[in-house]
Amino acid sequence: MSAQIIDGFEIARQERERVARETALLKEKGITPCLAVILVGENPASVSYVTGKEKALAEVGMKDKSIRLPESTTEQELLKIIDELNNDKSVHGILVQLPLPKHIDEEKVIMAISPEKDVDGFHPVSVGNMMIGKKSYLPCTPHGVLVLLKTMNIETNGKHAVIVGRSNIVGKPLAILLARKEANSTVTICHTGTKDIASFTKQADILIAAVGRPNTITADMVKPGATVIDVGVNRIPDDTKKSGFRLVGDVDFDSVKEVASFITPVPRGVGPMTIAMLMHNTLEAALNTLEEK
Ligand code: NAP
């Protein structure tokens with residue numbers, strides 16, 4: 001029997017609807033959540049991500065302070081803008097779209113964002129708080145994956161989660177979140193140094209691919225009945241599309257759906273959840289200022 005498709009698009013829509021309701025209540029108290037989105041350069045994927053975020057902000061009734069900067073922007077200029085936003089009380093969250101041009105040190109930029117406004121959850125203070133289970137902004141993509149599992153009533157407690165990929169924005173935070181007591185999974189992380197990846201993926205009750213390479217996970221690597229979450233977003237050439245490309249994940253969807261019990265598609269799987277969780281974090285940031293009053 002074919003796997004049940006996890007409709008990330010619909011689950012994200014419901015999440016944004018909830019955020020919109022809570023935003024409306026907050027506005028009645030005189031606070032409109034505001035996110036500053038900074039884009040440096042014109043990387044087509046980044047432009048499309050930023051446009052999606054701006055659209056979502058408008059849809060949930062939040063303010064969007066978009067800052068689009070030329071590729072030639074210096075590190076110092078960018079740090080100065082972040083400093084101004086850190087001190088601007090009308091701005092609740094700051095997001096710098098990654099990757100940045102090569103001449104700008106991403107780590108320095110992430111460190112410059114005030115942890116109180118770090119709605120991406122990439123600042124070491126946010127990461128540290130998440131690690132020790134203290135309140136923090138959770139990174140949007142891993143958080144979105146947890147919400148998908150929860151919404152679909154997929155048990156994580158006592159399950160073996162295998163994550164392929166160990167980036168700071170997806171693989172590692174997901175591993176931490178799934179291993180925390182609330183999710184209570186046993187976690188294995190695979191990467192390019194892992195020998196015989198299939199021997200691990202075949203043990204997974206929950207298999208998560210965050211690699212950035214199409215067809216990394218094939219049906220023979222999946223335990224029958226597993227839940228498969230595909231975080232990957234890869235552009236592959238497609239002459240039949242106006243854009244000249246189409247999006248695929250890291251999982252060979254057609255073959256794996258015949259083995260798994262649940263699977264996320266690409267697109268309309270994890271991607272929309274990332275934006276929905278960003279809206280959630282921006283709302284949290286605005287609510288935090290209410291607590292400070
Ligand atoms: P990344 O920083 O490039 O990390 C990729 C990870 O995969 C690395 O840890 C790498 O291992 C590992 N890897 C690469 N090739 C491998 C292989 N053949 N076997 C095993 N491991 C391998 O990527 P990322 O930022 O985590 O993103 C991963 C994918 O998710 C990309 O397609 C990205 O576009 C997508 N993504 C989607 C969303 C969303 O909202 N849906 C959000 C973020 C990212 P090493 O550490 O050993 O190099």
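Order of listing sets the numbers, starting from 1, for every ligand and every atom in it. Numbering of residues begins at 1 and proceeds along the displayed sequence.
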Using a strict 4.0 Å cut-off to heavy atoms of [X], name the atoms of ligand 1 that fall inside it.
{"X": "G232", "result": "29 (C), 30 (O), 32 (O), 35 (C)"}
{"X": "R213", "result": "18 (N)"}
{"X": "V164", "result": "20 (C), 21 (N)"}
{"X": "G271", "result": "40 (O), 41 (N)"}
{"X": "V170", "result": "26 (O), 43 (C), 44 (C)"}

Ligand 1 to [X] polar contact by distance, N or O atoms, under 3.5 Å:
{"X": "Y49", "result": "no"}
{"X": "T216", "result": "no"}
{"X": "V233", "result": "yes"}

Minimum-distance protein heavy atom relative to [atom]:
{"atom": "atom 9 (O) of ligand 1", "result": "R166 N, 2.8 Å"}
{"atom": "atom 31 (C) of ligand 1", "result": "G212 CA, 3.5 Å"}
{"atom": "atom 30 (O) of ligand 1", "result": "V231 O, 3.4 Å"}
{"atom": "atom 1 (P) of ligand 1", "result": "S167 CB, 4.0 Å"}
{"atom": "atom 12 (C) of ligand 1", "result": "G165 CA, 4.0 Å"}
{"atom": "atom 47 (O) of ligand 1", "result": "T192 OG1, 2.4 Å"}

Which residue is it: V231, L177, V270? I am looking for the one with a side chain to side chain contact (heavy atoms under 4.5 Å, CB included) to P142. L177

Among K27, H92, M62, whose side chain to side chain contact (heavy atoms under 4.5 Å, CB included) with T32 holds?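 Of K27, H92, M62, side chain to side chain contact (heavy atoms under 4.5 Å, CB included) with T32 is met by K27 alone.
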
Salt bridge D238-R246, side-chain N to carboxylate O under 4.0 Å: yes

Charged N to carboxylate O below 4.0 Å: is that the case for E77 and K80?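 Answer for the salt bridge query: no.
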
Heavy atom under 4.0 Å from ligand 1: found in [X]'s side chain, backbone, both, or neither?
{"X": "T274", "answer": "side chain"}
{"X": "I169", "answer": "side chain"}
{"X": "N234", "answer": "side chain"}
{"X": "M273", "answer": "neither"}

Atom pair CG/CE of N215 and M221 - distance to nearest 0.5 Å: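 Spacing of CG (N215) from CE (M221) equals 10.5 Å.
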
Applying a strict under-4.5 Å side-chain criterion to I, L, V, M, F, W and Y, I'd like to know whether I5 and I206 cluster together. no

Apply the side chain to side chain donor-acceptor pair (under 3.5 Å) test between H160 and each candidate in T188, T186, D205; give the one that qualifies.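 Running side chain to side chain donor-acceptor pair (under 3.5 Å) over T188, T186, D205 with H160 returns exactly one hit, T188.
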
Counting heavy atoms only, which of V211, L98, T141, I197 is nearest atom 19 (N) of ligand 1? I197

Is it true that S114 and E116 share a donor-acceptor pair across their side chains at a distance under 3.5 Å? yes

Is a donor on one side and an acceptor on the other found under 3.5 Å between the side chain of [X] and the backbone of [Y]?
{"X": "E42", "Y": "E71", "answer": "no"}
{"X": "D250", "Y": "R213", "answer": "yes"}
{"X": "T141", "Y": "T274", "answer": "no"}
{"X": "K117", "Y": "N86", "answer": "yes"}

Quick check on G171 - does any of its heavy atoms sit under 4.0 Å from an atom of ligand 1?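 No heavy atom of G171 comes that close to ligand 1.
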
